[in-house]
Protein chains: 2
Amino acid sequence: MKVTARMDQPSRKSPSRIQRQNRKRILDAALDTFSQHGYRGATLDQIAEAAGLSKPNILYYFTGKEDIHLTLLNRLMLTWLEPLERMEADGEPLEELLGYIRRKLQMSRDFPRESRLFANEILQGAPRMAPHLETGLKPLFDRKCRLIADWVSAGRIAPVDPGHLIVSIWATTQHYADFEAQLAVLMPERAALWQGAEAHLEAMFRKLLTR
Amino acid sequence: MKVTARMDQPSRKSPSRIQRQNRKRILDAALDTFSQHGYRGATLDQIAEAAGLSKPNILYYFTGKEDIHLTLLNRLMLTWLEPLERMEADGEPLEELLGYIRRKLQMSRDFPRESRLFANEILQGAPRMAPHLETGLKPLFDRKCRLIADWVSAGRIAPVDPGHLIVSIWATTQHYADFEAQLAVLMPERAALWQGAEAHLEAMFRKLLTR
DNA sequence: CCGCTTTTTTACCATTTGGTAAAGTCACGA
DNA sequence: TCGTGACTTTACCAAATGGTAAAAAAGCGG
């Protein structure tokens, strides 16, 4: 019996060139839209227009609005945690931490939309992200907290609350992406902003972590 | 000729008890909704239900969705800038700054919805807030930057970039309100969170500002 | 160039959304 | 207690929104 087999995702295997291209365009447009308006504030029509495709065409590639959003969130988590993962036990503690801060700030500069997508989702109570936080972020966070605690008890950095240290790093670095609209008013010289930020954060955390 | 005089706001003068009460209920419900979903993601029906009023009744007190949002934003700016304004030239610089940090963190704890409303608006590019930023925040920011710069050149605190210092204070304190959903996963002991935050921020900025 | 699959368009649909008109209902001072 | 203005409800509406069905058009291997 021949079933017309409505596919959840078009063609399970070997996505065609067109598919790869269009899915990418859609996700890029959706990143713009979701990161600016949040999940509920974003509309499929907006995404469709930004992607240069018709709305039904978009729904040919994704099963729905939530599917697009979820796909973005899943992708994001991969790259988002990577800088923290790279902070390892075998380096000089201070340099490992400062390196992490530098990478995180770079991500804010180079991927502000991703940062805002994440911020929007958390602001709204992380309804579509709770599993990611629990299974992806939490274990990593705990692991790195232990690593920092070890550095502290070995006397290799100044005593500090590991959890709040990491939170401070997130807060200060992500702020430059998430509150860009505010900073554009307060510190209009955009070029100077980022190098000023890097110098300031480096100085601040260096001082904090040195006894 | 008798004109039925549709009023923009019901009764220009001496708002009745009912008016004060209902406007407050509406604004409170709207604060919940807007701070969680952003401007576009919030709906009048949601606000109406949270306020326990019918939608047309809400539109009797406010001319529209934007009116409600704008009213919230205007109110917010008053209280939001106050902690920074209270940081004055005549105190001990370090204590003035640490006092500001403490007040700002308290606001995050006591008024997280207001913090998130603000964050949402900035995330979305501050479309309804640009004037406030330009005429309200910017002058204050510049003034306090000069104050801090004076403290630095007088050698009363360690050398620091005043603008980025203020931004760091905003980032670290507001983060505890705006990313509450994330912190709830990572640091579940809610009571310890806030005192841990206060201790950590005090230590961090004290170290930064001490030569 | 044919036939089959993949992709896109056209035409819809039900629900939601911001908002209005107008008919009530309530409160309170004369 | 009665009239008048303040407040609330009911009944709508046009546009927007997420989504679907099915026909039409491209691609593409043979």
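Each chain gets a letter, A, B and so on, in the order its sequence line appears, and its residues count up from 1. The structure presented is a predicted model; accordingly, all values stated were derived computationally and were not measured.
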- Go through the steps to decide whether I101(B) and E202(B) satisfy the test side-chain contact (heavy atoms from CB on, under 4.5 Å), and finish with yes or no. CA-CA 8 Å; I101(B) 291 161; E202(B) 159 134 11; over 6 Å; no
- Query: So do the side chains of T172(B) and V167(A) get within less than 4.5 Å of each other, counting heavy atoms only?
  - Reply: no
Do any side-chain atoms of residues 129-140 of chain A form donor-acceptor pairs under 3.5 angstrom with protein atoms, and if so which ones, sequence neighbours left out?
from: H132(A); atom 1: NE2; to: N74(A); atom 2: OD1; distance (Å): 2.5
from: T135(A); atom 1: OG1; to: P131(A); atom 2: O; distance (Å): 3.0
from: K138(A); atom 1: NZ; to: D142(A); atom 2: OD2; distance (Å): 3.3

- Classify the side chain of K55(B) and the base of dG18(C) as holding, or not holding, a donor-acceptor pair under 3.5 Å. yes
- Between dA21(D) atom P and L59(A) atom CG, what is the distance in whole Å? 12 Å
- Query: When the distance from NZ of K65(A) to P of dT15(C) is rounded to whole Å, what number comes out?
  - Reply: 18 Å
- Message: Nearest whole Å is fine: how far is dT9(D) C1' from I58(B) CD1?
- Response: 14 Å
- Query: R20(A) has an atom CZ; how far is it from atom P of dT6(C), in whole Å?
  - Reply: 15 Å
- Query: In terms of side-chain heavy atoms of R40(B), which of dT17(C), dT17(D), dT20(D) is nearest?
  - Reply: dT17(D)
- Task: Check every atom of dA6(D), dT8(C), dG19(D) against the side chain of L44(A) and return the nucleotide holding the closest atom.
- Result: dG19(D)
- Nearest-nucleotide pick for N22(A), side chain only, options being dG18(C), dT8(C), dG19(D): dT8(C)
- Report yes if the side chains of Q36(B) and R116(B) come closer than 4.5 Å at any heavy-atom pair, otherwise no. no
- Message: Categorize A48(B) for me: base, sugar-phosphate, or nothing, with a 4.0 angstrom heavy-atom threshold over every strand shown.
- Response: nothing
- Out of dT8(C), dG18(C), dG18(D), which nucleotide sits closest to the side chain of D45(A)? dG18(D)
- From the options dG18(D), dT8(C), dC7(D), select the nucleotide whose nearest atom is closest to the side chain of Y60(B). dC7(D)
- Message: Applying a 4.0 Å non-hydrogen cut-off, can you work out what S54(B) is touching in the nucleic acid: base, sugar-phosphate, or nothing?
- Response: base
